[in-house]
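No hydrogens, no waters, no symmetry mates; every other heavy atom, side chains included, goes into these values. If you're wondering where the values come from, they're calculated on a predicted model, not measured in any experiment.
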Amino acid sequence: MTPMARSLLTALTVCCFAALFVLPIEGFAVGVSCRCLRTPSTFIHPRQFKRLEIIPLGAHCRQTEILITLKNDRTVCANPNAKWIKNVIERVIPKDNQKVQE
């Protein structure tokens with residue numbers, strides 16, 4: 001192998017490893033991934049909510065996640081684009097707080 005080919009192969013290997021550590025790819029980071037594998041749009045009445053968590057997109061996951069803990073301690077995910085969950089979030093988060101976050 002020529003020195004030029006060896007240096008190109010080394011540079012390519014370094015670039016591949018750098019890309020693995022920089023890009024948020026689900027499944028490569030141990031213990032860090034999306035918590036919601038499915039996000040159904042099925043309506044859940046807010047009276048059944050015990051807790052509502054909104055996890056913004058980041059290095060752990062490429063999409064916003066909404067986790068709802070029900071009163072029976074079961075945790076379900078909701079589709080953040082569903083109209084009903086947007087209405088619930090509007091009622092839960094005050095308008096002044098939304099303006100600060102935008």
Side-chain angles (χ1 to χ4, degrees):
M1 187 180 277
T2 65
M4 179 73 151
R6 187 174 297 147
S7 63
L8 285 174
L9 184 62
T10 303
L12 181 64
T13 304
V14 169
C15 288
C16 288
F17 279 115
L20 282 176
F21 288 106
V22 172
L23 297 175
I25 301 172
E26 292 98 16
F28 280 100
V30 178
V32 179
S33 63
C34 293
R35 293 182 62 186
C36 296
L37 299 177
R38 295 182 320 124
T39 55
S41 298
T42 312
F43 177 75
I44 303 169
H45 201 283
R47 289 183 195 154
Q48 296 177 342
F49 292 8
K50 183 177 184 180
R51 190 167 97 191
L52 175 70
E53 292 179 75
I54 302 172
I55 304 171
L57 60 103
H60 69 285
C61 187
R62 293 182 180 176
Q63 58 195 17
T64 301
E65 296 180 295
I66 298 179
L67 294 151
I68 301 170
T69 304
L70 302 174
K71 289 185 179 178
N72 63 2
D73 289 328
R74 202 174 117 225
T75 303
V76 294
C77 294
N79 183 350
N81 298 320
K83 187 176 179 179
W84 71 269
I85 196 70
K86 288 181 179 183
N87 290 338
V88 169
I89 291 171
E90 280 180 16
R91 290 181 185 156
V92 172
I93 299 175
K95 300 261 186 220
D96 296 334
N97 197 9
Q98 285 180 347
K99 290 178 185 174
V100 172
Q101 290 176 358
E102 292 176 355

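- Side chains of Ile68 and Arg51 form no contact here, defined as non-hydrogen atoms less than 4.5 Å apart.
- A chain of hydrophobic side-chain contacts below 4.5 Å, direct or via other Ile, Leu, Val, Met, Phe, Trp or Tyr residues, connects Ile85 to Ile54.
- The side chain to side chain contact (heavy atoms under 4.5 Å, CB included) test with Leu67 singles out one residue from Leu52, Ile55, Val76, and that residue is Ile55.
- For the side-chain hydrogen bond (donor to acceptor under 3.5 Å, both in side chains) test, no residue two or more places apart in sequence or in another chain qualifies with Lys86.
- The closest side-chain heavy-atom distance from Cys34 to Glu65 is below 4.5 Å.
- To the nearest 0.5 Å, atoms CD (Gln48) and OG1 (Thr69) are separated by 13.0 Å.
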Contacts table for residues 36-44: side-chain donor-acceptor under 3.5 angstrom, sequence neighbours left out:
| unit_1 | atom_1 | unit_2 | atom_2 | d |
| --- | --- | --- | --- | --- |
| Ser41 | OG | Asn79 | ND2 | 3.2 |

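- Within the model, atoms CD1 of Ile66 and CD of Glu53 stand 11.0 Å from one another, a figure rounded to the nearest 0.5 Å.
- Residues Trp84 and Leu70 are members of one and the same hydrophobic cluster, defined by side-chain heavy-atom contacts under 4.5 angstrom among Ile, Leu, Val, Met, Phe, Trp and Tyr.
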